[in-house]
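Comments concern the structure below.
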Amino acid sequence: VTLESLLASRENGGIEALGRRFRLAQALAKSLMFLHASGWYHKGLKPEAIVFQKIGNGPVDITEPRLMGFEFSRPNREHELSLDNRGVSELNLYTHPERQSSNPPRFRVIHDYYSLGMCLIAVGWWRPISTLERGFMRQPRTGTTGRTPFEWQTYIMEQASTLLKSLCGELYADAVLACL
């Protein structure tokens, strides 16, 4: 069972208790910390890459996530080959704006933190990020060009600040904002 499928199930009335969502957020942050401590980047963190074990017909324990989706992962070494994940459109909502430019900088730890922050927004709200994207796309544009990844980042930070503070408290919202 993926986090994405659990978030989608909210539409059917399934929402996890806040304390369990906090434990999930903590487990995700620890998992990423341990990955980074081992000298690796994930480079593809998103709800589809977070899975949970389901035993029989029992409930899913969201407090013990497993990270998957390591197809773009690489060691954190200066001359290590780095595969580009920009062409994978479903990653864009979770990909740092710098990495979506035509000439992106080399992947750094802050890019994984951004993806974690996006996942934590979804965990705190218990809805897919794509729901927020629909609101973003309905907003009036300021220029003649299409929506930019940096405009998305600004929008999502505003939403995280107001939405998550009311749903999860200031500490959770501030932790998420530090990732973004």
Side-chain angles (χ1 to χ4, degrees), residues 1-37 41-52 59-67 69 90-100 107-142 147-180:
V1 177
T2 66
L3 177 57
E4 177 187 39
S5 66
L6 293 175
L7 295 173
S9 74
R10 177 176 179 167
E11 306 306 319
N12 299 324
I15 186 167
E16 288 287 338
L18 186 59
R20 292 175 52 77
R21 286 184 277 151
F22 284 167
R23 287 195 297 278
L24 168 58
Q26 181 182 34
L28 291 173
K30 279 184 177 180
S31 295
L32 192 59
M33 178 192 70
F34 287 131
L35 183 66
H36 290 161
Y41 294 132
H42 190 282
K43 294 186 67 179
L45 189 60
K46 55 185 177 174
E48 300 87 44
I50 300 166
V51 298
F52 308 93
V60 173
D61 183 3
I62 67 163
T63 64
E64 294 190 28
R66 304 287 186 265
L67 296 185
E90 69 269 11
L91 286 177
N92 289 344
L93 295 179
Y94 297 90
T95 302
H96 193 284
E98 287 182 348
R99 297 287 304 154
Q100 296 184 53
F107 198 91
R108 298 178 316 205
V109 71
I110 64 164
H111 300 132
D112 263 351
Y113 289 153
Y114 181 88
S115 299
L116 173 65
M118 296 300 286
C119 289
L120 296 182
I121 290 171
V123 167
W125 195 32
W126 205 250
R127 288 186 187 207
I129 287 292
S130 59
T131 309
L132 286 174
E133 182 193 26
R134 288 192 288 273
F136 170 67
M137 296 307 283
R138 286 193 297 264
Q139 294 219 326
R141 289 189 298 177
T142 56
R147 304 282 181 203
T148 70
F150 287 102
E151 288 174 330
W152 167 247
Q153 181 184 32
T154 300
Y155 176 81
I156 205 70
M157 289 178 79
E158 291 167 356
Q159 295 300 308
S161 181
T162 57
L163 181 70
L164 287 181
K165 280 183 183 173
S166 65
L167 291 173
C168 303
E170 283 188 47
L171 290 177
Y172 188 89
D174 288 347
V176 170
L177 288 169
C179 292
L180 302 176

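In what follows, every heavy atom counts, from backbone to side chain, and hydrogens, waters and symmetry copies are set aside.
- At least one side-chain heavy atom of Ile50 sits under 4.5 Å from a side-chain heavy atom of Leu67.
- When every heavy atom of Pro47 is checked against every heavy atom of Thr2, the shortest pair comes out as O-CB, 3.9 Å.
- Of the inter-residue distances, the one linking Leu28 atom CG with Ile62 atom CD1 reads 9.5 Å to the nearest 0.5 angstrom.
- Heavy atoms only, all atoms of each residue included: Tyr172 and Leu120 are closest at OH-O, 2.7 Å.
- Summarising the geometry, atom CZ belonging to Phe22 is positioned 13.5 Å from atom CD belonging to Glu16; distances are rounded to the nearest 0.5 Å.
- Note that the CD1 atom of Ile129 and the OH atom of Tyr94 stand 5.0 Å from one another [nearest 0.5 Å].
- Atoms CG and CG, from Leu45 and Asp112 in turn, are 6.5 Å apart once rounded to the nearest 0.5 Å.
- Note on ring orientation: taking the six-membered ring where Trp is involved, the planes of His36 and Tyr41 are perpendicular (angle over 60°, cut-offs 30° and 60°).
- Put simply, CZ on Arg23 and NZ on Lys30 are 12.0 Å apart, with the number rounded to the nearest 0.5 Å.
- Scanning both residues, Asp61 and Phe52, for their nearest heavy atoms gives O-CD2, 3.6 Å.
- With contacts defined as side-chain heavy-atom distances shorter than 4.5 Å, the pair Thr63/Leu24 does not qualify.
- Scanning both residues, Glu48 and Lys46, for their nearest heavy atoms gives OE1-CD, 2.9 Å.
- For the pair Lys43 and Phe107, the cation-pi criterion (under 6.0 Å, within 45° of the ring axis) is fulfilled.
- Here the shortest heavy-atom pairing between Leu93 and Tyr114 reads O-CE2, 4.4 Å.
- A donor-acceptor pair under 3.5 Å links the side-chain atoms of Gln153 to the main chain of Leu180, judged by distance alone.
- Cys179 and Leu116 make their closest contact through SG-CD2, 4.2 Å (heavy atoms, listed as atom of the first residue, atom of the second, distance).
- Remark: Phe150 CZ is packed, more than 12 non-hydrogen atoms of other residues, nucleotides or ligands lying under 6.0 Å away.
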Walk me through whether Gln159 and Phe136 qualify under side chain to side chain contact (heavy atoms under 4.5 Å, CB included). CA-CA 10 Å; Gln159 295 300 308; Phe136 170 67; over 6 Å; no
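- Atom-to-atom distance recorded for Leu163:CG and Ile156:CD1 is 8.5 Å, nearest 0.5 angstrom.
- Between the Arg66 side chain and the Val51 main chain, no donor and acceptor come within less than 3.5 Å of each other.
- The closest side-chain heavy-atom distance from Pro65 to Leu3 is not below 4.5 Å.
- Contact of the Lys165 side chain with the Ser161 side chain is registered, since non-hydrogen atoms from C-beta on lie closer than 4.5 Å.
- Panel note: side chain Ser9, backbone Leu6; a donor-acceptor pair is recorded below 3.5 Å.
- Between the side chain of Gln100 and the backbone N or O of Asn92, at least one donor-acceptor pair lies under 3.5 Å.
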Show the numbers, then the answer: is there a side chain to side chain contact (heavy atoms under 4.5 Å, CB included) between Glu133 and Trp152? CA-CA 8 Å; Glu133 182 193 26; Trp152 167 247; 4.0 Å; yes
